[in-house]
S.K.: 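Would you mind keeping the following structure in view while I ask a few things?
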Amino acid sequence: MNDIVVRDDLSLVTTGVQDFVTVMLDGQMVGIPVLAVHDVLNTQQITLIPRAPDWVAGVLNLRGRIVTAIDLRRRLGLPPLEKGKSSMSVVVEHNEEPYSLQIDKVGEVLSLEDQLFEKNPVTLDPRWREVSIGIYRLKDQLLPILDVDRLLAFESSSKAA
């Protein structure tokens, strides 16, 4: 049996097979390394933060911890979720802080062989390419794999200002 290893920086270490939690966002299935996912949540009450960037949905309370909620649709320049539909959350950690990534819905966990992993193709939509470490070609679609550190890299540029 192959071990799944995620380094502290959440980069993948090739060991034969990797597991990914799949999520849907604006009709695109995306993978997140399973060991990067701390929780999967249904719709949560989110408290707005005045003057926060528009892609910060607010904060939520998760078992006594304050978690910053990131609206991935806004973060990636996608259209807002249709009125009346509710989002779900995948909680990840970045720089020892929890973040709730607001997504449309959670799919299944896929175990994918390392040999099927490829670099991002140049034809991949730039919004996915900038936050993806690469892709897997599935039977009928591409599965971009989110790079949580790149996705949440906004904090280092805002701290410097």
S.K.: When you compare the side chain of D104 with that of L72, does any pair of heavy atoms fall below 4.5 Å?
M.R.: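 No; the side chains remain at least 4.5 Å from each other.
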S.K.: If you take all heavy atoms of R75 and I70, which pair is closest and at what distance?
M.R.: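 For R75 versus I70, the nearest heavy atoms are CB-CG2, 4.3 Å.
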S.K.: Working to the nearest 0.5 Å, report the span between CG of L101 and CD1 of I32.
M.R.: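 Here the interatomic distance stands at 5.5 Å.
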S.K.: Do you know the tightest heavy-atom contact between M29 and L138?
M.R.: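 Reported closest heavy-atom pair: CE-CD1, 3.4 Å.
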S.K.: Do L60 and V92 share a hydrophobic cluster, counting only Ile, Leu, Val, Met, Phe, Trp and Tyr and linking them when any side-chain heavy atoms are less than 4.5 Å apart?
M.R.: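 Per the 4.5 Å side-chain linkage, L60 and V92 are not co-clustered.
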S.K.: Using the rule given for side chain to side chain contact (heavy atoms under 4.5 Å, CB included), can you reason through L151 versus Y99, listing the C-alpha separation, both sets of side-chain angles and the distance that settles it, and then say yes or no?
M.R.: CA-CA 11 Å; L151 182 68; Y99 290 89; over 6 Å; no
S.K.: Tell me, which pairs form a salt bridge (Lys or Arg N to Asp or Glu O under 4.0 Å) where one or both residues lie in residues 37-57, sequence neighbours left out?
M.R.: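 Non-adjacent pairs meeting salt bridge (Lys or Arg N to Asp or Glu O under 4.0 Å): D39-R63.
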S.K.: If you group Ile, Leu, Val, Met, Phe, Trp and Tyr by side-chain heavy-atom gaps below 4.5 Å, do V148 and L62 land in one group?
M.R.: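 No, because V148 and L62 fall into different hydrophobic clusters, even though each may have its own neighbours under 4.5 Å.
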S.K.: Which atom names give the shortest non-hydrogen contact between P98 and V91, and what distance separates them?
M.R.: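 Closest approach of P98 to V91: CB-CG1, 4.4 Å.
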S.K.: In this structure, would W55 and V23 fall into the same cluster of hydrophobic residues linked by side-chain contacts under 4.5 Å?
M.R.: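 In one cluster: yes.
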S.K.: Check P144 against I135 and note the closest heavy-atom contact, atom names and distance.
M.R.: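 That closest heavy-atom pairing would be CA-CG2, 3.8 Å.
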S.K.: Give the intermediate values and the outcome of side-chain hydrogen bond (donor to acceptor under 3.5 Å, both in side chains) for residues S89 and Q102.
M.R.: CA-CA 5 Å; S89 301; Q102 304 296 295; 2.8 Å; yes
S.K.: Could you tell me the separation between the CG atom of L124 and the OG atom of S132, rounded to the nearest 0.5 Å?
M.R.: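 Reported to 0.5 Å precision, the distance equals 6.0 Å.
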S.K.: Could you measure the distance from the NE2 atom of H38 to the CZ atom of R65? Nearest 0.5 Å is fine.
M.R.: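 Atom-to-atom, H38:NE2 and R65:CZ are 8.0 Å apart.
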S.K.: R129 side chain to N120 main-chain N or O, any donor-acceptor pair under 3.5 Å?
M.R.: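 The answer is no, because no donor-acceptor pair under 3.5 Å joins these two groups.
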S.K.: Are the side chains of Y136 and L142 in contact, using a 4.5 Å heavy-atom criterion?
M.R.: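 When only atoms from C-beta onward are counted, Y136 and L142 do not touch, as no gap falls below 4.5 Å.
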S.K.: Can L25 be reached from L41 by stepping across I, L, V, M, F, W or Y side chains whose heavy atoms are under 4.5 Å apart?
M.R.: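 Different clusters.
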S.K.: Would you please test L143 and L110 for side chain to side chain contact (heavy atoms under 4.5 Å, CB included) and show each step?
M.R.: CA-CA 11 Å; L143 178 69; L110 295 179; 4.2 Å; yes
S.K.: For S111 versus V17, what's the shortest heavy-atom pair and its separation?
M.R.: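 That closest heavy-atom pairing would be CB-CG1, 3.8 Å.
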S.K.: Is any side-chain heavy atom of D147 closer than 4.5 Å to one of I145?
M.R.: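 A side-chain contact under 4.5 Å is absent here.
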S.K.: With side chain to side chain contact (heavy atoms under 4.5 Å, CB included) as the criterion, how do W128 and V30 come out once you've worked through the C-alpha distance, each side chain's angles and the decisive distance to 0.1 Å?
M.R.: CA-CA 9 Å; W128 294 114; V30 182; 3.5 Å; yes
S.K.: Linking I/L/V/M/F/W/Y whenever any side-chain heavy atoms sit under 4.5 Å apart, do V67 and V37 land together?
M.R.: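 Different hydrophobic clusters.
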S.K.: Let me check something: any side-chain donor-acceptor pairs from residues 42-49 under 3.5 Å, sequence neighbours excluded? List them with distances.
M.R.:
| residue | atom | partner | partner atom | Å |
| --- | --- | --- | --- | --- |
| T43 | OG1 | S86 | OG | 3.2 |
| T43 | OG1 | S87 | O | 3.0 |
| Q44 | NE2 | N42 | O | 3.3 |

S.K.: Yes or no on side chain to side chain contact (heavy atoms under 4.5 Å, CB included) for V40 and M88, after CA distance, side-chain angles and deciding distance?
M.R.: CA-CA 8 Å; V40 175; M88 296 182 75; 4.3 Å; yes
S.K.: Please round to the nearest 0.5 Å and tell me the distance separating atom CG of D71 and atom CG of L81.
M.R.: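 The CG atom of D71 sits 8.5 Å away from the CG atom of L81.
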S.K.: Can you name the nearest heavy-atom pair linking G16 to D114, along with the distance?
M.R.: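 Where G16 meets D114 most closely, the heavy atoms are N-OD2, 2.6 Å.
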S.K.: Any side-chain heavy-atom pair from V109 and T22 closer than 4.5 angstrom?
M.R.: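 V109 vs T22: side chains apart.
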S.K.: Using 4.0 Å as the upper bound for N to carboxylate O, is an ion pair formed by E118 and R137?
M.R.: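 Looking at R137 and E118, the cut-off is met.
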S.K.: Would you indicate whether the side-chain heavy atoms of Q115 and F117 approach each other to under 4.5 Å?
M.R.: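 Of all side-chain heavy-atom pairs linking Q115 with F117, none is under 4.5 Å.
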S.K.: Considering only NZ, NE, NH1 and NH2 on the basic side and carboxylate oxygens on the acidic side, decide whether D125 and R127 come within less than 4.0 Å.
M.R.: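 Yes, charged N to carboxylate O under 4.0 Å.
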S.K.: Under 3.5 Å, is there a donor-acceptor pair between the side chain of R73 and the main chain of I103?
M.R.: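 Pair absent, no side-chain N/O of R73 close to backbone of I103.
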